[in-house]
Amino acid sequence: MTLRLCLCVVALLVGGAAAYAKDVLTIGVSQFPSSMHPNIDPEVIKSYTLSFALRPIAAFDKDGINTCMLCTALPTLQNGLVRIEDRAGGGKGMAVTVKLRDDILWGDGRPVTAADLAFTARVGRDPTSGFANTRVWGRVASVDVIDDHTAVLHLDEISTLYDRLPAILPEHLEGPVFARVAGTGDYRNQTTYNRAPTTPGLYNGPYLVTDYQPGQLVVLEPNPYWKGTKPGIRRIVLKAIGNTAALQANLLAGDVDMAPGDAPSLTIDQVLQLRKQQPDRFTYIFRPALTYEHIDLNLDNPILQDIRVRRALLLALDRNTLVERLFEGMQPVADSFVSPLDPMHADGVTSYPYDPARARALLAEAGWTPGPDGVCRNAAGARLSLSFGTTAGNRLRELQQQVLQNQWKNACIEVTIRNEPARTFFGETLKQRVFTGLAMYAWSFGISYPPRQTLATDQIPTAANNYGGTNYMDYRNPTMDAAILTAETNLDPAAQKVAWADIQRIYADDLPVLPLFFRADAYVLPKWLKGVTPTGHSDDSSLWSEFWRSE
Amino acid sequence: MTRYILRRILQALLVLLVMSFVIYSLIGLMPGDPLDIMLASNPGATPEVVEHLRKLYGLDQPLMLRYLRWLQDALVGQFGYSRTHSLPVLSVLVPALIQTCKLMIISFIASVILAFILGILAALKPGGILDGVISLFAFAGISVPVFWLALMMILVFAVKLHWFPASGIATVGDGGFRDQALHLVMPVITLALASTGGFTRYVRASMIEVLRMDHVRTARAKGAAEWRVVLVHAFRNALIPVVTIMALSFGVLFNGALLTETMFAQPGMGKMIYDAILGNDFNLALTGLLFATVVTLLSNLVADLAYGWLDPRIALT
């Protein structure tokens, strides 16, 4: 009787389980944004989520071309919207005129204006505002508001990145908040994006955030004041499921419709496996991206100071087989940190195809010959032994590591795996440069973003610079520094191309880092969803979500 | 009794004070601090800006001084802001605590009821077929990892049978009682099954021991019905050691809740504390861990009070 009663209750509960209509899209992600403020705590998941609702002034499209989203024309020297000017305190700066479109409205119907741009610059320049990248707005010395939709940004430097124009904040909502807490360091807590993230006026994109449940889900629905292409999905739900195995099960159960490749979601091996198991149920897209998987070499280590050893290390690796076996060839092998997708990619840099014989010859030339146990030794009897670390618990990386260790063993190089949790690995080991040999992780670059932070001499982390840079290798090359400076400051496109080619050539010749491969963004989409266009870079596919359609 | 409870509460407060210092110190010793994550993404931050931010957030002060300031604020209910949620700590913690309590209390009750039934049945004929089957079930419950069990539940009941939603606490646009109940079924079963195995073994052992005692034999000799012998004469006596274990296990359920919450995307305390620790969210991690300590202390107190109720010979002074 009791059993029957229980079964009846279960049947009653289960019977009416609601099914999603096709105008509701549930996206499964494995992380949750810490807030909805576009400039505080930059996270991949936040960028992806916000891109449905908040437009930057300009963004790179799927072809890697910087295009206007809120502006009428991208400022350039050629169209007269950018000019070089003398700064009051001496030196040169830039005046960048931004003309905003007059058909862009905030979600409460108020227009997006030049005053919003000026306000954002003011908040961004305040070091206590909590803006993550103060460099973007910190270089804006002042803003002249010409009219409702035109403003001139006065930059205190000459920079090739003058046309990287991010999202702006609604002054009518954020102005009073900032005025109340300016200078106290409390803006990051008091901002309306945190206190009331479903306020429509915070957003200006095709969708608005209509529900926000921390740690669980974000719901987006069409913005009634959006004047562009009408969004084709009635409701988009971003659902956070921390465990990717559970996320995959949710996808199979139909509780989740889609796993995006440009936000933290299923790993590429999970998507490859799913494609084998369910080839017809979903649409699978693998888009090579700019994220660069590599191995930093600690150049303080006397063994690694010898360029012949560094080259031998790379020649001993069969990276093609590695990506073929582990990722079915979906992640292209890298020759430098600049992806072929980047307009600044240079062909013809030195490459290091798998050549174990040449690797052994180079090692012999450097004084390392195989010992009785197969490990190379030098004349003093020291072993060619290096420690090799990465983030513990990252299954794919650990798998890669084992393959690499084995390949090096065949070339008489001994590597000892020493992995650490991510917070220790990044927070101490790399930051304070206490690793002694090899460190494997990924860099994520913006398109044509000069690599000062990772390769310039002034970015070697030290106590003096608060361990600020990420040149963990201790790589010092004045020619590289000069080329980076040119890439940052020379506005002549031809000179930039040359500087970028130099950077890649020097990088491949010096090998301060062993290039492995570029990651691919792996998407699982429902068959009924059309119009999703992966970009492969940090401007997410969700920036063009108004073109997503249910068919 | 009142004096006893007051004394225990005072002891608990002292333990909390010590624990707050220990937890604060341990978190302070972890690699990185709340500014590290902020600065990692800020290539433009000059040493002056970093210094300014350190002063602003009080991170330039010695650990002990920071702790005393935190304690001063905590005593008036100000637990600060969560870095990873950008909200006051209590606004993040209270909903998570409610969610976890819902999950833990229901699964605890379910596992206790199941363990009592199975434990008693197994103890009636030790070594019999039923005992063997129940023991097998109990050992399986003890041995099976919670995350695996959760995954199997999702695959069977959500993927194959489509009986229950695979994750979350409610459907967007619904959220009624039935919808919430549906979302709770699989996490509750998972968490309950994980603890039922251990509880069953304790109930079984305790019942076998009590059923051999003289007063049980006497009750049978007096012609009392078997169900009365088992449930009235034996079960109450067998409860005393079992209650200790169960009450102490209540706090341990937080561990299981972490995995269950992660697998079923339930925004509870376990996952919140785990994410806070990984995200250098000191305020949230600290307050969350203190709340977990309070739950453990309370469950210990409940266990002690239960002794007195079960066995009047135990004097609580």
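In what follows, every heavy atom counts, from backbone to side chain, and hydrogens, waters and symmetry copies are set aside. Every chain is numbered from 1, with letters handed out A, B, ... down the list of sequences.
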Which heavy atom of [X] sits nearest a heavy atom of [Y], and at what distance?
X      : Y      : result
B/I154 : A/A249 : CG2-CB, 3.3 Å
B/A166 : A/D255 : N-OD2, 2.5 Å
A/L217 : B/V172 : CD2-CG2, 3.8 Å

- [ ] Hey, could you give me the OG1/CD1 distance between B/T262 and A/I241, rounded to the nearest 0.5 Å?
- [x] 11.5 Å
Open item on the list: Within this structure, what is the CG-NZ distance for the pair A/L252 and B/K160, rounded to the nearest 0.5 Å?
Closed with: 8.5 Å
TODO: Taking the side chain as every heavy atom from C-beta outward, state whether B/S167 and A/K239 have any atom pair closer than 4.5 Å.
DONE: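 When only atoms from C-beta onward are counted, A/K239 and B/S167 do touch, with a gap below 4.5 Å.
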TODO: May I ask you to check whether over 12 heavy atoms, not counting those of B/Y274, lie within 6.0 Å of atom OH?
DONE: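 No, not enclosed.
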Report which part of [X] has an atom under 4.5 Å of a heavy atom belonging to chain B: side chain, backbone, both, or neither.
X      : result
A/T184 : backbone
A/R139 : neither
A/N250 : both
A/A245 : both
A/Q190 : side chain
A/I40  : neither

Open item on the list: B/H85 vs A/F32, test: side chain to side chain contact (heavy atoms under 4.5 Å, CB included). Steps then yes/no.
Closed with: CA-CA 10 Å; B/H85 293 264; A/F32 194 82; 5.9 Å; no
